[in-house]
Amino acid sequence: MGEDPPIPGWSRRRVVATLFFIIFLDLLGFGILIPVIPLYAKFFGANEFVGSLLIATYSAFQFIGAPILGRLSDERGRRPILLISISGSVIAWTLFGLAGELGGAIGALNGLVVLFFARALAGAMGGNIATANAYMADITPAEDRARGLGILGAAFGLGFVFGPAIAGVVSSDPALELFRSILPAAVPVSEYTMPSFTAAALSAANLGVAFAVLPEPRRHTKTAATATGRLRRLYEAITSPDIGSLVLSFFLASFAFSAFESQFIFLTNDQLGYGTAENAVLLTYVGVLIAVVQGGLIGPLTDRFGEYRLAITGAAIQVLSLAAVPFAIDWAFVPSIGPVDAGGVALAAVSTPLAFGNALTNVSLNAMVSLNASADTQGGAFGLTQSAGSLARTVGPALAGLLYVTVAYWSPFVVAGLLFVPVIVVLGVLTRDAVTTT
């Protein structure tokens, strides 16, 4: 039965490739806005705390929207919900690009409100991750499900890698000059609007592709659970002796890294004067490193050292590298290289071990959660880590922004590094217990 085609006339490989392409385009649009959002908020007069709240808004509404869209996909079908969510992304990113015009017409405060509304809408529509996972579960037999979900994970990762790179291109001075020469005068052209409109255009193209080629699968799975239910299950998992410590560690790791991500662009803008294009280059570099480690190195390293040791090593690396980030820009011994100033070279240098440590910890923690879950609870276990990550990415940026504004620019990075200390302790205890039982 597992060999039957998931859709009449379609091979399983063809359906998986189609879903991969659609989710990749979806996440590409999201990734483009990563270097833009903090500086766009400052353009409207927001401080770092308000800008951090804008960043966190996406994850908050994604956490709420994912179970709603998942449940609707059970009732109405996977295809229509994916089409509706992609349509919502087109509207959200278009509004994001037009917020500057609205701010000029009706006041900066109202323009900032438009940014928050657009970000919330994008987050709610980004909850289609639950629908995409359910779609993949529908079209893959149980024995191949983990591999199928891994393919979707690769689509997410590639979106985060290529998205900032595209933002860097379309926000560069030559690109902006080109846009001003070919676009109507009514279209606002700036380093903030063009990435937004590019994300909207990619989402529109994605909608056309999905409408034309994405079929409706035979549904075999349900994606139930309200946001309240997810919180309850997350609490039950944390208090569980089997995977509670691992889920808590995943939450802390996601919290810490989201704090770094949210404040990094504020740091480079305030201390080095970097704009969207420069930050896009740095974020692309970090994303490529993480993808290389996750895609090529993690397997051999796991075979040699095991998941527990890799997770601890990755956490230890992040304690030091996260704390070093805000101070690296003042390293007098680092030279400039070509067009890259000394601060940028130093940030790239400290980001190298940081990306390596992040990849080790994230992949190893996910693997450990899977290893500690029974065969029939794998999906639920991954759902818990997803919920923990979404919650962490909601709270982490907000608290990090508060530290940035009220304490010092370096404080969120140091605190993020210190958050990995309890992760090391927890994983050390789990490693000791594993050795003792064997």
Side-chain angles (χ1 to χ4, degrees), residues 59 149-150 153-154 156-157 160-161 234 237-238 243-264 283 285-325 350-373 381-393 395-397 400 412-434:
S59 294
L149 294 175
F156 298 149
F160 282 107
V161 169
L234 187 57
I238 291 174
I243 62 172
S245 298
L246 295 174
V247 173
L248 180 60
S249 296
F250 189 86
F251 174 84
L252 290 174
S254 299
F255 186 105
F257 202 75
S258 69
F260 155 76
E261 287 179 315
S262 64
Q263 303 310 302
F264 182 78
L283 291 175
Y285 174 71
V286 172
V288 168
L289 287 178
I290 291 175
V292 168
V293 176
Q294 290 181 337
L297 299 179
I298 197 69
L301 289 173
T302 301
D303 292 339
R304 182 174 178 83
F305 300 106
E307 291 85 1
Y308 284 89
R309 289 188 179 90
L310 289 186
I312 292 174
T313 300
I317 291 172
Q318 290 178 91
V319 170
L320 300 175
S321 54
L322 278 170
V325 166
V350 76
S351 295
T352 301
L354 174 60
F356 183 75
N358 176 262
L360 290 183
T361 302
N362 276 358
V363 174
S364 298
L365 282 175
N366 271 305
M368 290 156 65
V369 169
S370 178
L371 291 171
N372 282 273
F382 284 121
L384 288 170
T385 58
Q386 177 187 321
S387 297
S390 296
L391 199 58
R393 288 187 294 273
V395 182
F413 301 94
V414 173
V415 171
L418 291 176
L419 284 175
F420 278 98
V421 173
V423 174
I424 294 171
V425 173
V426 169
L427 294 176
V429 171
L430 292 175
T431 304
R432 183 196 63 195
D433 292 344

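The figures here come from the full heavy-atom set of this structure, side chains too, leaving out hydrogens, waters and symmetry mates. Model, not experiment: these values are computed from the prediction.
To the nearest 0.5 Å, atom CD1 of residue I298 and atom CG of residue D303 are 10.0 Å apart. The line from OG of S321 to CZ of F260 is 8.5 Å long, rounded to the nearest 0.5 Å. Taking OG from S364 and CG from L246, the interatomic distance works out to 11.0 Å, rounded to the nearest 0.5 Å.
The side-chain hydrogen bond (donor to acceptor under 3.5 Å, both in side chains) test applied to T302 returns no partner, not counting sequence neighbours. By the side chain to side chain contact (heavy atoms under 4.5 Å, CB included) test, A392 pairs with F251, S254, F255, sequence neighbours left out. With sequence neighbours excluded, the residues satisfying ring-ring contact (aromatic ring centres under 6.0 Å, His included) with F160 are F30. Residues that satisfy the side chain to side chain contact (heavy atoms under 4.5 Å, CB included) test with S262, not counting sequence neighbours, are I55, P397, A400. Looking at residues two or more places apart in sequence or on another chain, you find a side chain to side chain contact (heavy atoms under 4.5 Å, CB included) between V288 and V161, T284, V292.
Minimum heavy-atom separation, S249 to V426: OG-CG1, 3.6 Å.
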Yes or no on side-chain contact (heavy atoms from CB on, under 4.5 Å) for L365 and L427, after CA distance, side-chain angles and deciding distance?
CA-CA 9 Å; L365 282 175; L427 294 176; 3.9 Å; yes
Donor-acceptor contacts, no H, no angles, side chain residues 354-361, under 3.5 Å, sequence neighbours left out:
residue	atom	partner	partner atom	Å
T361	OG1	A315	N	3.1
T361	OG1	Q318	NE2	3.1
T361	OG1	G357	O	3.0

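With respect to F420, the side-chain contact (heavy atoms from CB on, under 4.5 Å) criterion is satisfied by exactly one of I317, L322, L252, V425: L322.
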